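Since we're looking at a predicted model, the values are computed, not measured.
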Amino acid sequence: MLPSGLVWSPSHAQCPPLGVWWVVIALLVGCGGPPPLPRLAPDAVVLAFGDSLTFGTGARPYESYPAVLERLIGRTVVNAGVPGEVSGEGLRRLPKVVSRESPDLVILIHGGNDFLRRFDRADTARNLRDMIDYLREQDIPVVLVGVPEFGLFLTTADLYGEIADDMEVPLEDDVLSDLLRDNRFKSDHIHPNAAGYARMAEAVQTLLIEAGAL
């Protein structure tokens, strides 16, 4: 209560400096969502780049996640998956594919074969970062999908979250580990089946919506 004779005014309140409010607003706006992506035009080309998980090993071509995603989002989705490819090979292949396809967005799923061959994780992370850096130099936005470490628990390798946080890239880091824990969605111990690839496509679609691309 104010002393007798005094009238309350804003000067009596201890308000945070104006700059603090901008920080609070920015945190509230950005809280809980992925980094934003440019909206995809109806005639946009999406490049699905990766190894056998992108190619669709374990299912028919029209059941691969890129084929299903194309039907879901109504944009062209190019399947540029090469079974057995490691991240270093992907890094060398990427510029040729980008030059050929001129994509408006790239969905990157890579690193699983590095894990299977027990390559150094630092090398894998560096290759993934270099791919993202290259795409950004071409003004092409990127979505990253995390790959689980193939073992007892099938949890997504930490390097994907670290890369996504550091480079501010939208990340889907649950779907593959969830699918490969459930025999209903697997064609073998490291690949989804048709139902699994459909779930992958749905998860990527959801991320694209959340990031503002759709």
Side-chain angles (χ1 to χ4, degrees), residues 30 33-38 40 44-57 64-66 69 75-151 154-177 180 190-191 200-201 203-204 207-208 210-213:
L37 293 169
L40 290 170
V45 174
V46 176
L47 177 65
F49 189 85
D51 50 32
S52 58
L53 294 169
T54 297
F55 179 81
T57 298
S64 68
Y65 104 78
L69 182 65
R75 275 81 169 174
T76 298
V77 180
V78 176
N79 187 332
V82 174
E85 184 176 72
V86 296
S87 63
E89 294 168 339
L91 176 60
R92 291 188 291 274
R93 180 170 65 96
L94 181 60
K96 296 177 183 178
V97 179
V98 167
S99 177
R100 182 178 70 239
E101 304 296 344
S102 299
D104 299 287
L105 173 73
V106 171
I107 303 166
L108 178 60
I109 307 179
H110 231 304
N113 290 308
D114 295 42
F115 301 158
L116 289 171
R117 300 184 191 187
R118 302 187 182 278
F119 286 2
D120 184 90
R121 297 301 170 86
D123 291 340
T124 302
R126 183 166 53 252
N127 290 334
L128 291 169
R129 288 176 184 272
D130 287 349
M131 289 188 219
I132 294 169
D133 279 336
Y134 166 76
L135 292 167
R136 285 184 165 169
E137 289 170 1
Q138 312 305 311
D139 294 322
I140 302 170
V142 188
V143 168
L144 186 62
V145 178
V147 179
E149 301 182 75
F150 300 108
L154 286 171
T155 55
T156 301
D158 291 340
L159 62 89
Y160 294 97
E162 294 166 0
I163 292 170
D165 289 344
D166 291 347
M167 305 187 78
E168 297 184 343
V169 173
L171 171 68
E172 167 47 65
D173 63 348
D174 292 323
V175 65
L176 276 170
S177 57
L180 295 180
I190 61 173
H191 296 106
M200 280 181 66
V204 172
L207 180 59
L208 294 177
E210 291 174 351

Go through the side-chain N and O atoms of Ser87 and Asp114 and say whether any donor and acceptor fall under 3.5 Å apart. yes
Which atoms form the tightest heavy-atom contact between [X] and [Y], and what is the distance?
{"X": "Asp51", "Y": "Gly112", "value": "OD2-N, 3.9 Å"}
{"X": "Pro34", "Y": "Pro170", "value": "CB-CB, 4.1 Å"}
{"X": "Thr124", "Y": "Phe119", "value": "OG1-CB, 4.4 Å"}
{"X": "Glu172", "Y": "Leu207", "value": "N-CD2, 3.7 Å"}
{"X": "Phe115", "Y": "Ala157", "value": "CZ-CB, 3.6 Å"}
{"X": "Leu176", "Y": "Pro148", "value": "CB-CD, 3.8 Å"}

As an exercise, state the distance from CD1 of Ile163 to CZ of Arg126, rounded to the nearest 0.5 Å. 11.0 Å
Approximate separation, where rounding is to 0.5 Å, of Leu128 CG and Leu159 CG: 6.5 Å
Report all side-chain donor-acceptor pairs from residues 129-144 shorter than 3.5 Å, counting only partners two or more places apart or in another chain.
residue: Arg129; atom: NH2; partner: Asp166; partner atom: OD2; Å: 2.9
residue: Arg136; atom: NH1; partner: Met167; partner atom: O; Å: 2.8
residue: Arg136; atom: NH2; partner: Met167; partner atom: O; Å: 2.3
residue: Arg136; atom: NH2; partner: Glu168; partner atom: O; Å: 3.3

Check whether any side-chain heavy atom of [X] lies under 4.5 Å from a side-chain heavy atom of [Y], and answer yes or no.
{"X": "Leu171", "Y": "Val169", "value": "no"}
{"X": "Leu154", "Y": "Glu149", "value": "no"}
{"X": "Val77", "Y": "Pro66", "value": "yes"}
{"X": "Ile109", "Y": "Val147", "value": "yes"}
{"X": "Leu69", "Y": "Ile107", "value": "yes"}
{"X": "Tyr65", "Y": "Thr54", "value": "yes"}

Phe49 and His110 aromatic ring geometry - parallel, tilted or perpendicular at 30°/60° bounds: tilted
Checking Asn79 side chain against Ala48 main chain: does a donor-acceptor pair fall under 3.5 Å?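 Answer holds: no.
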Under the 3.5 angstrom rule, does the side chain of Arg93 hit a backbone N or O of Ala80 as a donor-acceptor pair? yes
Per-pair distances, 0.1 Å, donor-acceptor, side chain in residues 95-105, under 3.5 Å, sequence neighbours excluded:
residue: Asp104; atom: OD2; partner: Val45; partner atom: N; Å: 2.8

Charged N-O contact under 4.0 Å between Arg121 and Glu162: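 So Arg121 does not pair with Glu162 through a salt bridge.
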Using a 6.0 Å cut-off, check whether atom CZ of Arg117 has over 12 heavy atoms from anything other than its own residue. yes
